[in-house]
Amino acid sequence: MTITPLMPVYPRCGFRPVRGEGAWLISEDGSRALDFASGIAVNLLGHGHPHVTQAIQEQAATLMHVSNLYGSPQGEKFAQRLVDTTFADTVFFTNSGAEAVECAIKAARAYHQSAGSERFEIITFKNAFHGRTMATISASNQEKMHHGFSPLLNGFKYVDFDDLEGAKAAINENTAAFLVEPIQGEGGVRPASDEFMKGLRALADEHGILLVLDEVQCGVARTGMLYAHELYGVTPDIMASAKGIGAGFPFGACLATEDAARGMVVGTHGSTYGGNPLAMAAGNAVWDVVANDEFLEHVRTIGAKLRAAIEQFIGNYPALFTGVRGEGLMLGVTMTHPTRGFVAHLRDNHGLLTVAAGDDTLRVLPPLNIDESHIATFIEKLSAGAADYEIPAS
Ligand SMILES: *Cc1c(COP(=O)(O)O)cnc(C)c1O
């Protein structure tokens, strides 16, 4: 047999973490790496955060899982906090980001179809990433994710990201919703323009269609706002959240206004594990830490410092880097050539973890509770990595 016990769908590298301490990961062989990837925007309080760890430990010992057939004091508490701190009136808990987007797609269709309309089509944007289920790969135009999985789910129309005129032209009598990441993550840390986000909201209102946001990566304080749409002064009808929401405990959430959730009545949707007490303990612990002005202000301040430090540094290497974009602690450093080799070099030779995005973007996604000493170490490692990197001949 040549297949590996772990189904070989990931190109796994030789770094094999077995322990985490704050912003550091320690591998099987004892080597340490500064984790400015955070499990791809998941470990938003670093590794082993005492408050989150304790909440999960205590809940695990008390009650881990019960069916959604029973009342859920833990779920009600966290859902109420989400309702109190966001645009939403109601929340469905999932186990992942893709499932949160699935729920959002179903809710958008049901919004129309429960009221007697046939509308089903969802307008999405090129280079988006919404997850790996059949519906969520269908929602993305990226053919590399489609290959071998046809037929796709019907009813998605792809328009250029940040192209308001294109979005407007794509609307027809079947349009149910727009689905968009306010800041594309996998697509290369691309923030939508203010005009685009406000324009989508206006088009949605004008045409009776829903604005659905995928904030799986950019949400939960990552940008220095609890959710990224607050940067634009635009509120969605439905929003998918996940990644940072459990700080490493896997779960997600689909948030909606009362009106947008009108189709999601008893029996229309479900999940065995969704919103179980253990996940809710993690979510409540995360909200204890992040959902306050002081923490969000810290993310904005430290994010601005990190960005300034990167901008100053990349000036020394114009042959390698072209710029920085993003918000808060969701930053993308654009490069002159494909980024994957440089990400591997930083990891293997300098103990620094970052993530590639798109073709030419180095994603910098540190834990949100870093301080200036982490920025200094990051810049040291990045400098050393840039100094001894040989740009591969293309
Ligand atoms: C990661 C991600 C998803 C998918 O989340 P999973 O937990 O991997 O299913 C969906 N949308 C965006 C924007 C993401 O970054």
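Just so you know, residue 1 is the first one in the sequence shown, and it goes up from there. Ligands are counted one by one from 1 in listed order, and the atoms in each one are counted from 1 as well.
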**Q** Looking at Arg190 and Glu181, is there a salt bridge between them, counting it only when a charged N and a carboxylate O are closer than 4.0 Å?
**A** no

**Q** For Lys168, enumerate each residue passing the salt bridge (Lys or Arg N to Asp or Glu O under 4.0 Å) test, keeping only those at least two apart in sequence or located in another chain.
**A** none

**Q** Search all heavy atoms of Thr90 against all heavy atoms of Thr257 and return the closest pair with its distance.
**A** CG2-O, 4.3 Å

**Q** Mind checking what residues have non-hydrogen atoms under 4.0 angstrom from ligand 1?
**A** Ser96, Gly97, Ala98, Phe129, His130, Gly131, Glu181, Asp214, Val216, Gln217, Lys243

**Q** What pairs meet the side chain to side chain donor-acceptor pair (under 3.5 Å) rule with one or both residues in residues 241-256, with sequence neighbours excluded?
**A** Tyr227-Ser241

**Q** Using a strict 4.0 Å threshold on nitrogen-to-oxygen distance, state whether Lys126 and Asp162 make a salt bridge.
**A** no

**Q** Which residue pairs satisfy the side chain to side chain donor-acceptor pair (under 3.5 Å) criterion with at least one member in residues 2-18, sequence neighbours excluded?
**A** Arg16-Glu28

